[in-house]
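A short write-up of the structure that comes next.
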Amino acid sequence: MSDFIADIAVNIPLKQLFSYRIPESLVSSTDVGMRVKIPFGRRLTVGFILSIRNGDAAGLKDLQGLFEDEPILSSELIKLLRWAADYYCHPIGQVVRTALPAALGNEKTTVKIRTEAIYQPLDPEIKLRGKTQQELLTFIIQEKSVGLTRIREQFSAPHAALKRLVEVGALQCDERELCRDPFRLDKLPVDQCITLNSAQSEAVDRITSAIDDNCFSGFLLHGVTGSGKTEVYLHSVDQCLAAGRQALVLVPEISLTPQLVSRFRARFELKGIRIAVLHSGLSSGERYDAWREIMRNQIQIVIGARSAVFAPLQNLGLIVVDEEHESSYKQAEGFRYNARDLALVRGQQQHCPVLLGSATPSFASYYRSEQGALTRLTLDKRVHAGDLPKVEIIDLKEQVCDGELSNVLIEAIQQALEQQEQVLLLLNRRGFAPFLLCADCGETFCCPNCEITLTYHQQKRELRCHYCDYVDVVPESCHKCQGLNIEPQGAGTEKLEEELEKLFPSARIKRMDRDTTSRKGAHQNIMTEMMARKIDILVGTQMIAKGHDFPGVSLVGVLAADSTLNIPDFRSGERSFSLFTQVAGRAGRASGGGKVYIQSYNPEHYALTCAAEQDYHQFYLQELPFRQELGYPPCGHLVNLVFSGNNNHQVQAAAKQFSSFLFRVAGSVEILGPSPCPLARLRGKSRYQILLKAAARPDLRRLLNRLDEQIAQLPRQVTLHIDVDPIDML
DNA sequence: AGCACGCCGACT
DNA sequence: GTCGGCGTGCTC
């Protein structure tokens, strides 16, 4: 006897699917991709049908019901999710849940679909007595079909009149599904369609022909800051829509890129093209609405951060990944996928081009473009006449400093202020001082959970851990020797702000870091003030290097470049180069001749000299041998196994046992560790890691496939996180 | 992850 | 004598 069997993903930390019989009564209405109710163990839960097959259902439980009458996941999306679960060694159920709006992964909650009453004229000739009724009817006849919300905007209390009109047969009333539109109230920005320069139009041509070919191809758009990458995106997306297909645009963080979103809206919304913007501020209901609309092909363009790579567009023609070097494309917890890499996979699966764009491409993408796996398109001229700024590296070994600022930089700031120009200062460390030190006995004050020093925040008068947010009071005396000489060491943005206030008492100084932008809209406020030139000096962490251009800035200073350079990670050079180049690019966009100073004790470092020259290729050539010799990505491949648990000994023992198994089956894969993680304790848990390194992916893959047997042997108190292609190993 | 079962200590 | 601690096993 042959039954219909559904293979279902359930949100538990297991890799396998669970099979259920589809009862006769549901056979006709059940489909792949649907969200279903299933009995699981002794409870009821939610699952997603990933495939349906024929077979013997003996011993299987029955599917209990459907949540919706249409699928939530398309077959293309299922293919991508299964690929990702396999590649990232992560349980499929959790992969599905990460991809979906939270409201859909939740048990019990059937998401409320908001509806509104919609009115249409039935009999316009009908005789009416009331003036309001007559006006209402005229309005509705004019509009043909109107929702209640729209009526409310025009009439103050329409209820009674509407009710009457329906009763007498003048109007027909229906329920319509309402999709919450967060931009409903924003006014549409003005589009300034710019004619493309030759480099831009060549790039667009290449992308357009790839769209028309209907097959995958990967592009790296390398355009210096201010070279007009966004305009290339806009034209390419336009071509994609003209070909009758949809576009997906990924950005690192929507809140930091409001101008990209508004340029898309300005360009396309007047033409009646619908854009869905998926950002972190959406309520779960709004997110769900957007998902449904995309799924139903009512949306042509999706703009969103990392998780938007899973947006259920059915007819993709182009995927754009803006600022592709940004590490925020990698999810750091749970299902540790990289949206930039998945975008390329999705492009391959759905036969559409993928466009990665950046002023400072990731080393990996540039490498792939050198190898020919990505087609490189270069924009090397700024569109707004402004020249690239002059960059000077200040050798701190030979400079007199007042606090954090060298005399050269102080003078430059003075000059800029006199000329009514704005100054941008980057110090990649928030708080007042990175740690407190007892001058009598040398004691430092550490986080009890994380084994790193607590950062001193002067304004809030507290010590705070930047990893777990542990807070302590500022000590009056040393807890070890009772000494009273406790001194802040090093400097953060808070201290720099204080120094600047003393040096330039009449300047308007603002600080922008995680502490001053935690309130909603605070980030945007600072940006707006900066644009309106209500700020003379803006101090901040790497946050100031992202997003907005500031036309009024003529001077940029990078302080303590070494703190970024010396992070013990093989990518610190890449990150520093990228950060310094990006922040330097903020200077003098409009008016020519911006000036940039980088202060460092290590002025010969190629990440600095290349950033000073704004020479990406030179940086690449310097970095390449280092990666090749050590077999680091992209010249080799990494997987990090992170073991964590409350009991340090237990975690260490488990990691050791695991590594002895790995050594036995390693083959050509290098096994490094186990060693305590760079942050050996984090949020109260002990952590050990084993790094797997291989020259070829298939070797690594083979090893990963053998891991399951060993994972089953782990004691329950120790958990293992597998991080495929880790981007930071902290 | 949930949820049950089961085996030990400290309480009415 | 029970209430409840958390180790262990299982989920189509």
Side-chain angles (χ1 to χ4, degrees), chain A residues 1-27 30-67 72-73 78 81-82 84-86 88-109 284 331-337 641-654 657-658 683-686 707-723:
Chain A
M1 196 33 204
S2 187
D3 295 285
F4 285 104
I5 297 172
D7 296 314
I8 294 178
V10 186
N11 182 25
I12 49 165
L14 292 175
K15 290 189 176 177
Q16 81 259 37
L17 296 174
F18 292 82
S19 303
Y20 288 79
R21 190 181 84 98
I22 306 174
E24 240 94 292
S25 60
L26 290 176
V27 166
T30 304
D31 202 354
V32 170
M34 280 184 161
R35 193 162 72 112
V36 292
K37 214 174 285 176
I38 47 168
F40 191 74
R42 263 149 280 228
R43 65 202 158 107
L44 275 180
T45 189
V46 183
F48 291 87
I49 302 182
L50 298 197
S51 60
I52 294 177
R53 60 195 160 87
N54 277 111
D56 183 7
L60 300 184
K61 291 185 180 175
D62 272 11
L63 246 175
Q64 222 187 56
L66 313 174
F67 279 94
I72 297 293
L73 304 167
I78 290 173
L81 295 175
R82 294 186 86 153
D86 184 54
Y88 289 106
C89 302
H90 203 77
I92 181 71
Q94 283 170 213
V95 168
V96 171
R97 193 212 254 267
T98 318
L100 290 171
L104 285 170
N106 251 316
E107 280 104 77
K108 296 161 218 149
T109 54
S284 71
Q331 176 132 58
E333 304 188 306
F335 168 36
R336 304 179 181 212
Y337 66 100
L641 306 178
V642 182
F643 300 81
S644 65
N646 293 321
N647 182 319
N648 182 51
H649 288 294
Q650 205 178 19
V651 178
Q652 188 181 27
Q657 207 191 339
F658 209 99
R683 293 176 245 272
K685 299 227 187 271
S686 286
L707 248 45
D708 287 343
E709 35 177 318
Q710 199 58 30
I711 291 169
Q713 308 285 306
L714 279 175
R716 248 185 145 161
Q717 298 87 336
V718 177
T719 49
L720 168 61
H721 294 285
I722 302 177
D723 194 349

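Note on naming: letters A, B, ... go to the chains in the order of the sequence lines (proteins, then strands), and numbering restarts at 1 for each one.
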Rounded distance in Å - CD (A/Q713) to P (C/dG9): 11 Å

Length of the CZ-P vector between A/F40 and B/dA4, whole Å: 14 Å

Evaluation steps, side-chain contact (heavy atoms from CB on, under 4.5 Å), between A/V36 and A/I49: CA-CA 7 Å; A/V36 292; A/I49 302 182; 3.7 Å; yes

Touch class at under 4.0 angstrom, heavy-atom based, for A/Y20 against every strand present: sugar-phosphate

Sugar-phosphate, base or nothing in reach of A/I8, heavy atoms under 4.0 Å: nothing

Can you give me the N/O atom pairs linking the protein to nucleotides 4-7 of chain C at distances under 3.5 Å, or say none if there are none?
none

Under 3.5 Å: donor-acceptor pair, side chain of A/R21, backbone of A/D3: no

Between P of C/dT11 and CD1 of A/I92, the distance in whole Å: 20 Å

Criterion side-chain contact (heavy atoms from CB on, under 4.5 Å) on A/D708 and A/I711, from CA distance to verdict: CA-CA 5 Å; A/D708 287 343; A/I711 291 169; 4.0 Å; yes

Working for side-chain contact (heavy atoms from CB on, under 4.5 Å), residues A/L714 and A/F643: CA-CA 10 Å; A/L714 279 175; A/F643 300 81; 4.0 Å; yes

Separation of C/dT8 P from A/L714 CG (nearest whole Å): 13 Å

Earlier contact from the 5' end, DNA chain C, for A/L60 and A/R42: A/R42

Length of the CG-C1' vector between A/L14 and C/dC12, whole Å: 12 Å

Check: A/L17 and A/R82 side chains under 4.5 Å, non-hydrogen atoms: yes

Side-chain (A/K61) to main-chain (A/G41) donor-acceptor, under 3.5 angstrom: yes

Rounded distance (Å) that lies between atom C1' of C/dC12 and atom CZ of A/R43: 13 Å

Nearest-Å distance for atom pair CD1/C1', residues A/I38 and B/dG2: 13 Å

Sole residue of A/L50, A/I78, A/D7 in side chain to side chain contact (heavy atoms under 4.5 Å, CB included) with A/V32: A/I78

Nucleotide C/dC12, atom P - distance to CG of A/L63 in whole Å: 12 Å

